[in-house]
Amino acid sequence: MLTATLLTDFGLADTFIAQMKGVMLSINPEITIVDITHSIEPYNIRHGAVALGMSYKYFPDGTIHIAVVDPGVGSSRRAIAVDTGKYILIGPDNGIFSLIYAENKTTVYHITDTRCYRNPTGATFHGRDVFAPTAALISKGLRLEEVGLPIGDYQSFDITPPSRTGDNTITGEVLYIDRFGNIITNITAAFITGCGFKLNGRLVPLKESYTQGIDGHLHALINSDGYLELFVKQGSASRNVQAVTRSGDKIALELSD
Amino acid sequence: MLTATLLTDFGLADTFIAQMKGVMLSINPEITIVDITHSIEPYNIRHGAVALGMSYKYFPDGTIHIAVVDPGVGSSRRAIAVDTGKYILIGPDNGIFSLIYAENKTTVYHITDTRCYRNPTGATFHGRDVFAPTAALISKGLRLEEVGLPIGDYQSFDITPPSRTGDNTITGEVLYIDRFGNIITNITAAFITGCGFKLNGRLVPLKESYTQGIDGHLHALINSDGYLELFVKQGSASRNVQAVTRSGDKIALELSD
Amino acid sequence: MLTATLLTDFGLADTFIAQMKGVMLSINPEITIVDITHSIEPYNIRHGAVALGMSYKYFPDGTIHIAVVDPGVGSSRRAIAVDTGKYILIGPDNGIFSLIYAENKTTVYHITDTRCYRNPTGATFHGRDVFAPTAALISKGLRLEEVGLPIGDYQSFDITPPSRTGDNTITGEVLYIDRFGNIITNITAAFITGCGFKLNGRLVPLKESYTQGIDGHLHALINSDGYLELFVKQGSASRNVQAVTRSGDKIALELSD
């Protein structure tokens, strides 16, 4: 049984997602469809890229990931299919696959074959009219070489890697803030020495699990994806650190000597 | 593999939906269940009817659609199964299938057979106790003629069709407002001439895609379902046009000469 | 086809749920995964226990239920698998299975076998690193006796049963408040006599269905799970009875003579 996933900024209140699933099941009723999330901030491609980058690798070999955060729908931005060897990713060519490109050797195809386009294809909803049918056709055996020609000039943006500046300052950025108010940064374990650091002049102790925290105080740990995460035990780091509020915000840590 | 869909006003926080799915899978573990939406405004039958009307036709032939917006549960309102030839729809007889009746030649059955009712059947949750088991039994081969007798006096309401009034005024109504604040009306392309219209005295240019809009300004396009839709590029038409706030609101456009 | 369910406090905005599903499908692509709810109040074990208790029994025999409300993740709290004979439940040993223990004869296993732990297993996300793989392995045939040794000292808390105090006063507590503002109590039909009762001095008539209520007035009924439920027809009992706001709140009813 082949798995396809969906990641969008469509929310769950409207029927966009259902329309995409209906189109896919009409082509291949045997496909298993899993929602990654539909709560990407509207039009925020970077947020979508990070969420996809955090989750795609947990799925079975052969999974087809569809990602639609697509403010340029109806313009000349291309529809693409990305092959990592292990996964296929389908969506707009606007940078949403940036973390995939950074972590994998990929081949990128411009989707042009008419079989991949519903008839008629509108100018407002390529999730339903292009990406869903392309994914379903691939799940039934359409080869990537058949969807269109490979391209090399696809869009990609950088997540600024963390850097050591000054004597002891690590500068990184916020990847995302989760439901619990935990602040997940792009700073990895290799950058951190000692048993804590200072953030905006306050001491932040490094712990191994949430339960080691003291109620109401800001702490950090290296999370299960290998990233530095700020947390307040059974509270919200996001409310605690008011200067950091969203994906992309810079964060600077002073390591102790 | 047969598909069943669920559309309700139950939300996702409670366990109503899970109870329905559990009942269905207990009867037929092979069924594929897809959520259309559970965010219908509580008790708003019209909202449910429009959401169902926007999405049902994208599913495979043979799909069984369950729709439960059911303020009359426990009263004498009937439980019905609707056959369009291509789809089967199951829910309360309160008008939620109005758009289905308008678009299809249907046969409507009053669900009375005791096999379709869980034992005991409560007076508060027919989604779980009547509609879910009926759908699952039909997916396993129960024929519609077996669920009960056909009826002709089922409930239906009209979506007022758009009309041309005065010289150049088109009056329609709002079908729904989506997550992005786009206002989707029931006005179809045939009613629109020229390259724009006036709404409340303001000029609204007609575009072909969202990307053709100018930031912060109200525009319109014919969307991928064929309906006139008001939008603000990467903004919210709903916040821009403050007089139009929900499904059913009237909207009047002045075409230019 | 085997069913597994997920109940968590992770919300739907992040990718936690998708990561768990990806891990499960990587081990067993044939499993059907159903979301019970992911809207449990963060860290609120009691809320999770009640939601699980309201829904687990509607699923097919053999269903594996995963429940993760887990503020103690990374501490010494144990990971457990609970066997009721009909269902298997997997999650942290923190009381989340309290209603399961109360309603079933169970055997509880401490999950220690290394096959059940992803390599590496982090200290922050056992939903993905322990509970998901354990469930998937069991769905493929791993026997409960293989996951670890049975234990008898598992955590459990009591839902205070309703009691008759004074002459005619029934004291119970709120199980949960649903999307419609209905207040579901733990008081069962056997405690109620007559055609109504007083709550905070106000008369509350007992009805058989929501539709029998008078608009804007507070009523009660015995719901489809057998519990006393306060409701306002097409309104919100929760807004009407302002003193009762959340799961666990006490509620005292005066029966009439």
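Reckoned from all heavy atoms, side chains included, excluding hydrogens, waters and symmetry mates. Proteins get letters first, then strands, A, B, ... in listed order; numbering begins at 1 in each.
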Return the NZ to CZ distance between K21(C) and F59(A), rounded to the nearest 0.5 Å. 8.0 Å
Could you pull out the closest heavy-atom pair between R179(A) and I40(C), with the gap in Å? NH1-O, 3.0 Å
Which heavy-atom pair separates G22(C) from P60(A) by the least distance, and what is that distance? O-CD, 4.0 Å
Relative to chain C, which segment of D35(A) carries a heavy atom at a distance below 4.5 Å: side chain, backbone, both, or neither? backbone
Considering all heavy atoms, the nearest S75(C)-S209(A) contact: N-OG, 4.4 Å
Parallel, tilted or perpendicular for F180(A) and F10(C), by the 30°/60° rule? perpendicular
Measure the spacing between OG of S55(A) and CD1 of I17(C) and express it to the nearest 0.5 Å. 12.0 Å
Engaged part of R77(C) at the chain A interface, taking heavy atoms whose separation is under 4.5 Å: neither
Let's go through D14(C) and Y176(A) carefully: what are the C-alpha distance in whole Å and the side-chain angles of both, what is the deciding distance for side chain to side chain contact (heavy atoms under 4.5 Å, CB included) to 0.1 Å, and is it a yes or a no? CA-CA 9 Å; D14(C) 301 310; Y176(A) 64 100; 4.2 Å; yes
Test T124(C) against every option in T211(A), I222(A), N182(A), L221(A) by the side chain to side chain contact (heavy atoms under 4.5 Å, CB included) rule and name the one that passes. L221(A)
So does Y227(A) have more than 12 non-hydrogen atoms from other groups sitting under 6.0 Å from OH? no
Within residues 25-34 of chain C, which residues come under 4.5 Å of chain A, heavy atom to heavy atom? L25(C), S26(C), P29(C), E30(C)
Compare every heavy atom of G122(C) with every heavy atom of S224(A), then report the nearest pair and how far apart it is. CB-CA, 4.3 Å
D178(A) and F16(C): side chain to side chain contact (heavy atoms under 4.5 Å, CB included), yes or no, with the steps? CA-CA 9 Å; D178(A) 74 16; F16(C) 300 123; 3.4 Å; yes
Q234(A) portion near chain C, given a 4.5 angstrom heavy-atom threshold: both
Any idea which of T37(A), L2(A), D61(A), L12(A) has the most non-hydrogen atom pairs under 4.5 angstrom with chain C? T37(A)
Taking heavy atoms only and a threshold strictly under 4.5 Å, list by residue number the residues of residues 126-151 of chain C that touch chain A; give 'none' if the list is empty. R128(C), D129(C)
